[in-house]
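Beneath this line is the structure, given in structure tokens, with notes to follow.
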Amino acid sequence: METKNKKHVAVCGGGLVGAMMACYLAKRGYKVDIYERRSDIRLMEVVRGRSINLALSCRGREALRGVGLEDEISKNGIPMGARMIHDLNGQRRPIPYGTKDQYIMSIDRRLLNEALLTAAEKYPSVRIFFSHKLLSCDFEKGEAEFCNDKGDTLRIQVDLIIGADGAYSALRRQMMKLRLFDYEQTYIPHGYMELNIPPNSNNEFAMETNYLHIWPRNEFMMIALPNLDKSFTTTLFMPFEIFEGIDTEEKLMKFFEERFPDAIKLLGAEELKKTFFTSKALPMVSIKCKPYHVGGKSVIIGDAAHSMVPFYGQGMNCGLEDCIVLNEMLEKYNDDLAKALPEYTKMRHPDATAMCDLAMYNYIEMRSHVNSKLFLLRKKVDNILHMLFPRTWVPLYTMVAFTRTRYHQCISRREWQDKIINQGITMSTVGGGVGLILGAYLLHKSGGLSPVYDFLEDSVNKVQGWLKL
Ligand SMILES: Cc1cc2nc3c(=O)[nH]c(=O)nc-3n(C[C@H](O)[C@H](O)[C@H](O)COP(=O)(O)OP(=O)(O)OC[C@H]3O[C@@H](n4cnc5c(N)ncnc54)[C@H](O)[C@@H]3O)c2cc1C
Ligand SMILES: Cc1cnn(-c2ccc(OCc3ccccc3)c(C(=O)O)c2)c1-c1ccc(Cl)c(F)c1
């Protein structure tokens with residue numbers, strides 16, 4: 001593609017979204033210079049960072065497809081066709097995501113980032129400047145200033161400055177100086193820590209492979225995603241104050257024996273102790289801002305524009321989908337940035353903020369209401385209703401992870417579904433008054449809630465059996 005009449009773009013940030021956007025722009029014939037603060041991760045022994053693996057779903061896969069990378073990335077991904085719910089007594093229950101072609105993929109973050117950088121670099125019009133950190137920019141002049149690892153500064157002038165520099169974006173900080181720029185951020189009281197479930201003594205996966213393993217314990221949650229080396233990257237989410245309160249090995253073991261007894265053997269007690277006391281629980285922040293653009297001169301994408309808590313596994317998928325949408329706007333307005341960028345904000349802001357809200361909603365929902373029994377029940381009811389009314393009842397997670405339904409439309413459908421459920425519950429409450437009295441009787445007789453759940457779950461299982469779910 002000729003680059004003579006095309007734009008010269010600086011992409012700040014060579015992470016997942018910046019490298020992906022560089023591919024889309026190079027495909028359009030743009031001259032693209034990526035400025036990445038870190039050194040080339042492809043040359044590094046160890047890459048420190050956030051999650052080691054990530055769940056890739058439909059939106060991210062479609063972005064990869066758009067630059068011809070889906071097959072290459074998918075062949076190194078591990079499909080997860082169901083959640084595997086671990087309950088307190090160590091029982092594991094699978095709940096399929098849907099049909100056999102509805103699966104999310106566990107992808108190695110470093111592998112994905114390296115593949116995207118290498119793909120971008122293959123375009124003759126792309127250059128990557130590693131160890132170059134964005135310091136400031138002048139939106140009017142289209143100028144940006146970087147410093148390299150020797151402390152030298154570099155000033156450039158381009159047609160477009162794209163900020164793909166993550167949740168703590170320097171480019172967004174520059175935008176925050178401008179009038180009419182809205183910004184909000186929320187740190188949640190939970191932190192996360194990554195643990196590791198190694199292969200078993202036969203060098204096989206220690207748990208069922210093609211599953212997203214979830215230990216829902218209300219305010220404590222843990223998940224595990226499989227890796228190609230037959231380990232599972234396991235993420236423990238819990239309040240910082242609980243992390244800080246576990247300051248001895250005895251307290252750590254007591255905590256796991258009470259909350260995640262089946263995980264002790266999988267993690268290995270000694271390895272668990274070693275990792276727990278040599279790692280730091282990391283923060284999670286939700287960031288929303290508007291607009292994403294400055295005139296026809298600059299735009300922010302990915303976590304720089306919308307950072308979300310990771311309780312829906314959509315942050316990267318959303319950022320990669322940003323690249324599809326921005327590319328569509330450039331196509332629609334024939335690369336007229338003064339038109340394409342404002343339209344990008346108009347199109348993308350409602351969806352990205354909806355996903356931030358949904359991720360936060362899910363965090364609050366799971367933290368307060370969701371233990372393994374309720375997780376199972378809700379997902380089974382979802383699957384039964386979808387089986388019965390496939391076109392009207394699409395589980396929210398299905399819409400988010402397995403379709404490109406605009407995120408804000410997923411939310412409006414959820415509200416409609418909640419209304420239906422609540423009306424259903426209201427109606428059945430009239431008839432179900434008897435059920436309540438029966439439930440209270442069961443409670444009284446058994447002294448516990450579980451018979452009611454078991455009764456509910458048995459009924460749901462029976463319906464599932466009839467529907468061959
Ligand atoms: C625990 C956890 C689990 C997650 N799990 C999932 C998941 O399962 N699925 C999912 O879709 N998402 C997940 N996410 C979210 C996902 O990690 C992010 O949404 C994604 O990494 C955003 O990509 P990005 O390129 O916008 O930002 P980043 O990945 O943060 O990349 C930003 C890049 O910019 C560079 N940079 C920063 N500042 C500068 C500067 N001043 N100048 C130049 N370069 C700079 C950085 O070095 C980095 O390379 C998870 C996040 C966390 C924390
Ligand atoms: C990494 C990743 C990829 N997808 N998901 C995910 C998220 C939410 C889900 O359900 C919402 C819900 C469950 C139960 C009740 C209400 C809503 C489901 C599901 O349905 O399987 C899967 C995660 C994830 C990330 C962090 C935690 Cl803590 C977690 F549990 C899972």
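All ligand and atom numbering here is 1-based and tracks the order in the structure. Index from 1, following the sequence.
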- In plain terms, say whether Arg37 and Asp165 are close enough for a salt bridge, that is, a side-chain N and a carboxylate O under 4.0 Å apart. no
- Selected option - heavy-atom contact closest to atom 53 (C) of ligand 1, from Tyr192, Tyr35, Tyr168, Tyr312: Tyr192
- Message: Is the distance from the ring center of Phe311 to that of Phe237 below 6.0 Å?
- Response: yes
- Taking the six-membered ring for Trp and the single ring otherwise, decide whether the centroids of Phe232 and Phe205 are under 6.0 Å apart. yes
- No-hydrogen, no-angle side-chain donor-acceptor test under 3.5 Å, His8 and Asp159: no
- Task: Report yes if some N/O of Asn362 lies less than 3.5 Å from some N/O of ligand 2; otherwise report no.
- Result: no
- N/O of Lys379 under 3.5 Å from N/O of ligand 2, yes or no? yes
- Message: Within the 4.0 Å heavy-atom shell around Lys133, which atoms of ligand 1 are there?
- Response: 41 (N), 42 (N)
- Query: Of Gln314, Arg406, Arg59, which meets side chain to side chain donor-acceptor pair (under 3.5 Å) against Glu321?
  - Reply: Arg59
- Query: Applying a 4.0 Å heavy-atom criterion (strictly less than), which segment of Leu212 is in contact with ligand 2: side chain, backbone, both, or neither?
  - Reply: side chain
- Message: Minimum distance, heavy atoms only, to atom 13 (C) of ligand 1: which one of Asn317, Leu54, Leu282, Thr233 is it?
- Response: Leu54
- Between Asp357 and Lys288, does at least one N-O distance fall below 4.0 Å, as a salt bridge requires? yes
- Message: I'd like to check which ligand 1 atoms, numbered from 1 as shown, lie under 4.0 Å from a non-hydrogen atom of Gly15.
- Response: 25 (O), 31 (O), 33 (C), 49 (O)
- Do the rings of Tyr35 and His132 sit parallel, tilted or perpendicular, given the 30° and 60° boundaries? tilted
- Do me a favour and list the nearest non-hydrogen protein atom to atom 26 (C) of ligand 2 with residue, atom name and distance? Pro310 O, 3.5 Å
- Message: Between Arg65 and Glu62 (salt bridge meaning N to carboxylate O under 4.0 Å), is one present in this structure?
- Response: yes
- For ligand 1, which atoms have a heavy atom of Gly166 less than 4.0 angstrom away? 27 (O), 30 (O), 32 (C)
- Note on the structure: side-chain hydrogen bond (donor to acceptor under 3.5 Å, both in side chains) filter on Arg83, not counting sequence neighbours, yields none
- For atom 51 (C) of ligand 1, state which one of Gly302, Pro310, Ala167 supplies the nearest heavy atom. Pro310
- Query: Just checking, any donor-acceptor pair under 3.5 angstrom between side chains of Ser136 and Gln174?
  - Reply: no
- Is Lys379 close enough and on-axis enough to Phe375, meaning under 6.0 Å and within 45°, for cation-pi? yes
- Message: Within the 4.0 Å heavy-atom shell around Arg378, which atoms of ligand 2 are there?
- Response: 15 (C), 16 (C)
- For atom 27 (C) of ligand 2, what's the nearest protein heavy atom and its distance? Ile223 CG2, 3.6 Å
- Between Tyr361, Tyr397, Phe311, Phe220, which one has a non-hydrogen atom sitting closest to atom 4 (N) of ligand 2? Tyr397
- At the 4.0 Å heavy-atom cut-off, does His132 count as touching ligand 1? yes
- Message: Closer than 4.0 Å to some heavy atom of Ala55 - which atoms of ligand 2 meet that?
- Response: 3 (C)
- Enumerate the atoms of ligand 2 whose separation from the nearest heavy atom of Met221 is less than 4.0 angstrom. 28 (Cl)
- Have a look at Val309, Leu134, Asp165, Asp322 and point out the one with the heavy atom closest to atom 39 (C) of ligand 1. Asp165
- Task: Look at Glu114 together with Arg42 and state whether they make a salt bridge at an N to O cut-off of under 4.0 Å.
- Result: no
- Message: Yes or no: does Tyr363 have any heavy atom under 4.0 Å from an atom of ligand 2?
- Response: no
- Query: For Met284, is the nearest heavy atom under 4.0 Å from an atom of ligand 1?
  - Reply: no
- What about Arg83: any of its N or O atoms under 3.5 Å from an N or O on ligand 2? yes
- Please work out whether any backbone atom (N, CA, C, O) or any side-chain heavy atom from C-beta onward of Ala164 is under 4.0 Å from ligand 1, and answer side chain, backbone, both or neither. backbone
- When every non-hydrogen atom of Pro350 is compared with those of His408, the smallest separation belongs to O-CB, 3.8 Å
- Closest non-hydrogen protein atom to atom 13 (C) of ligand 2, residue and atom name please, with distance? Phe375 CE1, 3.2 Å
- Note on the structure: Of Gly13, Cys12, Ala170, the one whose closest heavy atom lies nearest atom 34 (O) of ligand 1 is Gly13
- Task: Would you kindly specify which portion of His369 sits under 4.0 Å from ligand 2, judged on non-hydrogen atoms: side chain, backbone, both or neither?
- Result: neither
- Query: Tyr344 vs Tyr292 aromatic rings, parallel, tilted or perpendicular, using cut-offs 30° and 60°?
  - Reply: tilted
